[in-house]
Amino acid sequence: MARITRLLIANRGEIAVRIIRTCRRLGIASVAVYSEADAGALHVRLADEAVCIGAPSAQESYLHGERIIAAAQRAGCDAIHPGYGFLAENADFAQAVADAGLLFVGPTPDVIRRMGSKIAARLIAQQAGVPVAPGFEIEDERLSAERDDQSFLDARFAILNSIGFPLLIKASAGGGGRGMRIVTSIDEFGAALESARREAFKAFGDDRVYVEKCIARPRHIEVQVLGDTHGNLVHLFERECSIQRRHQKLVEESPSPFLDVALRERMGQMAIALARAVNYTNAGTVEFIVDPERNVYFLEMNTRLQVEHPVTESVVLAGARWPALDLVEWQLRIAQGEPLPFSQADLRQCGHAIECRVVAEDPANGFLPVTGHIVRVVEPLGADVRVDSGIERGSEVTPHYDSLLAKLVVRGETRGDAIRKMDAALRDYAIEGVATNLALLRDVIAHPAFRRGDTTTDFIERYFTSWPSLRDAGAERPTTLLMSSNPWRQRDRFRIGEGVVHAGQPANRARSEAMSTAARPDVPARRPSVGRQIEAPMPGQIVDVRVRVGDAVAAGATLVVLEAMKMETRLTAPAAGRVRRVHCVEGQTVERGQVLVELE
Ligand code: ADP
Ligand code: ADP
Ligand code: MG
């Protein structure tokens with residue numbers, strides 16, 4: 001049996017730190033990799049050895065498979081753990097690791113590839129008897145042909161109508177909530193299809209998309225599975241992850257307040273059936289949505305450790321051991337060929353755990369990610385409190401990576417107990433230097449609907465449209481911000497997987513003027529809602545310039561798409577007008593406040 005003695009961790013932030021901690025406990029040497037932007041990062045300081053692999057951009061560092069494998073070989077590692085994100089679901093990388101004679105801590109390249117296509121995964125699920133939402137592959141000629149004769153359009157409408165509106169266009173290679181479009185009527189279909197394809201290609205290098213019925217008011221409930229290389233396969237029950245923004249998870253818990261014993265058992269069996277169908281090994285998660293009538297639909301399988309895995313670790317017991325499971329430990333043991341020492345009958349849930357994702361985002365400004373220098377961190381303490389953090393005092397939050405700073409996890413005897421502990425822990429948590437969502441998380445946990453377990457994926461949209469409430473508003477917040485800063489207020493501004501900034505929108509204007517009037521003397525403050533200069537709301541990279549000098553634009557038209565911290569933000573025209581100047585090009589890196597487009 002191969003023994004892992006030296007592990008390279010191909011990731012950053014809290015997950016790299018979390019894997020290092022398990023290595024330490026197991027006596028495995030840890031080797032971190034880092035980009036030039038992360039030289040001072042916590043994971044670099046904590047690892048036994050750290051190797052700089054390149055420039056700040058993810059492509060030049062954490063996504064650069066060859067450099068990572070070369071670093072592992074030079075450092076004498078025997079295995080690579082990819083964490084989540086980045087290279088975790090890249091089948092070619094997993095194959096290259098194996099070809100280099102190293103262990104890849106994850107499933108086989110073949111399984112990663114098969115599940116990496118959501119279209120293929122839907123078919124595998126159907127064959128395994130697992131229900132999927134009604135849908136179609138767009139490659140289907142009846143949907144995608146470039147024809148506009150009436151008989152084609154009628155036939156296409158009939159197919160889409162058989163699914164029913166609203167429907168979703170989703171990227172086959174999608175992840176992180178990207179490449180999705182809601183289509184509420186047939187008129188929107190053509191344009192949405194084109195833009196979903198474009199976004200999917202840009203984000204994943206793969207423009208295949210499919211349509212799926214948009215399930216109303218669902219919950220996101222997923223099942224953790226673990227399989228060894230000897231054919232043993234178990235599930236570790238569910239996590240509910242319905243509290244989301246931009247279709248990305250914010251708060252997760254286990255058990256789900258919605259499941260009863262029978263449905264829990266049934267979903268566990270579905271997850272096992274799917275995993276069994278592909279001979280799944282290592283840790284993985286089968287994601288489902290569940291509608292209010294308790295119909296279950298398979299969404300996708302994530303062939304990696306999931307961000308929210310700690311809630312499972314906090315509540316699942318294997319026999320009498322507690323804490324029962326360290327999922328990273330079991331990933332490593334499985335990778336080196338050990339059989340699982342427990343079977344399904346040994347596993348049970350005990351207590352209740354909740355996780356909050358602490359992100360560098362400003363919920364009061366469209367959840368836009370923010371950057372900065374961390375000047376102080378005070379973490380909550382307590383026997384039932386766990387903080388998986390990637391930051392410490394002095395850390396830099398840069399625009400190169402996503403906005404996750406830390407995860408706060410609490411465990412209670414009951415859900416009510418866990419809620420109380422989470423509330424207290426959030427109050428004890430302080431991060432200074434960058435804006436975070438800590439205050440929003442507190443309000444989510446305190447919300448009566450959350451306490452009731454009335455948690456559906458539209459929770460934030462439904463209950464936090466006017467957040468922060470006047471009660472919570474600090475004196476320093478301009479009142480206009482409270483009125484209109486929320487991205488969910490206007491239905492037409494709601495797009496999955498991206499933020500929208502209406503330049504000159506009162507909230508953003510009030511805010512940026514409050515912060516930087518001196519730097520922008522030429523912006524007429526006296527005409528709120530009519531912005532002439534469209535500025536970058538944060539540092540980032542221009543991924544699309546949609547207008548040219550002289551173009552007439554309608555109010556709300558997208559001018560430029562900016563990507564920062566893994567999120568695309570559309571900058572739109574505050575009012576109808578004409579483009580006077582364009583100051584940016586695709587691919588350009590821009591600073592916050594930099595003028596991108598001028599309108600007249
Ligand atoms: P999980 O499914 O485990 O909850 P997420 O989907 O939240 O995980 O994130 C998984 C990985 O994808 C993480 O590495 C995260 O940094 C990355 N990620 C998060 N948001 C995005 C995004 N908008 N685009 C691309 N990657 C993202
Ligand atoms: P990703 O790969 O980006 O994680 P998923 O397919 O897992 O994409 O979906 C992410 C989220 O989008 C879900 O948790 C849910 O909130 C929403 N979603 C996805 N598909 C549907 C659907 N058919 N109906 C309603 N909501 C959906
Ligand atoms: Mg998902």
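One-based numbering, in listed order, for ligands and for the atoms of each.
The closest approach between any non-hydrogen atom of K249 and ligand 2 is not below 4.0 Å.
In summary, the atoms of ligand 2 found under 4.0 Å from a heavy atom of C214, numbered by their order in the structure, are 24 (N). If you number the atoms of ligand 2 from 1 as listed, the ones under 4.0 Å from a heavy atom of T457 come out as 16 (O). Listed by atom number, the atoms of ligand 2 under 4.0 Å from K118 heavy atoms are 1 (P), 2 (O), 5 (P), 6 (O), 8 (O). Taking a cut-off of under 4.0 Å to the non-hydrogen atoms of L168, the atoms of ligand 2 that pass are 20 (N), 21 (C), 22 (C), 23 (N), 24 (N), 27 (C). The E300 neighbourhood of ligand 2 comprises atoms 1 (P), 2 (O), 4 (O), 5 (P), 7 (O), 8 (O), with distances under 4.0 Å to a heavy atom of that residue. For ligand 2, the atoms sitting less than 4.0 Å from at least one non-hydrogen atom of G174 are 2 (O), numbered in the order shown with element in parentheses.
Using a cutoff of 4.0 Å between basic side-chain nitrogens and carboxylate oxygens, R239 and E252 are not scored as salt-bridged. The existence of a salt bridge linking R18 and D326 is confirmed by a sub-4.0 Å separation between a basic side-chain nitrogen and an acidic carboxylate oxygen.
Side-chain atoms of K407 do not come within 3.5 Å of backbone N or O of C356 as any donor-acceptor pair. A distance-only check finds no donor-acceptor pair linking the side chain of R386 to the backbone of S314 [under 3.5 Å]. Side-chain atoms of Y62 come within 3.5 Å of backbone N or O of S35 as a donor-acceptor pair.
Here the closest non-hydrogen pair linking G390 and V17 is CA-CG2, 4.3 Å.
Rounding to the nearest 0.5 Å gives a distance of 13.0 Å between CD1 of I289 and CD of E222.
Heavy atoms of I215 found under 4.0 angstrom from ligand 2 belong to the backbone as well as the side chain. Residue-level proximity to ligand 2 for I289 is carried by the side chain, the only part with a heavy atom below 4.0 angstrom.
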So Q248 and R357, side-chain hydrogen bond (donor to acceptor under 3.5 Å, both in side chains) or not? Walk me through it.
CA-CA 10 Å; Q248 295 171 352; R357 297 193 191 194; over 6 Å; no

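Distances from atom 14 (O) of ligand 2 to the heavy atoms of H220, Q248, M180, R217 put H220 nearest. Scanning R178, E212, H247 for the heavy atom closest to atom 18 (N) of ligand 2 points to H247. Considering K213, K170, E89 only, the shortest heavy-atom separation from atom 23 (N) of ligand 2 involves K213.
The closest approach of E300 to the Mg ion (ligand 3), by N/O/S atoms, is made by OE2. Looking at E287, its N, O or S atom nearest to the Mg ion (ligand 3) turns out to be OE1.
Within a 6.0 Å sphere centred on CZ of F201, other residues, nucleotides and ligands contribute 12 heavy atoms or fewer. Remark: E194 CD is loosely packed, at most 12 non-hydrogen atoms of other residues, nucleotides or ligands lying under 6.0 Å away.
Contact annotation: E222 places no N, O or S atom under 2.8 Å from the Mg ion (ligand 3).
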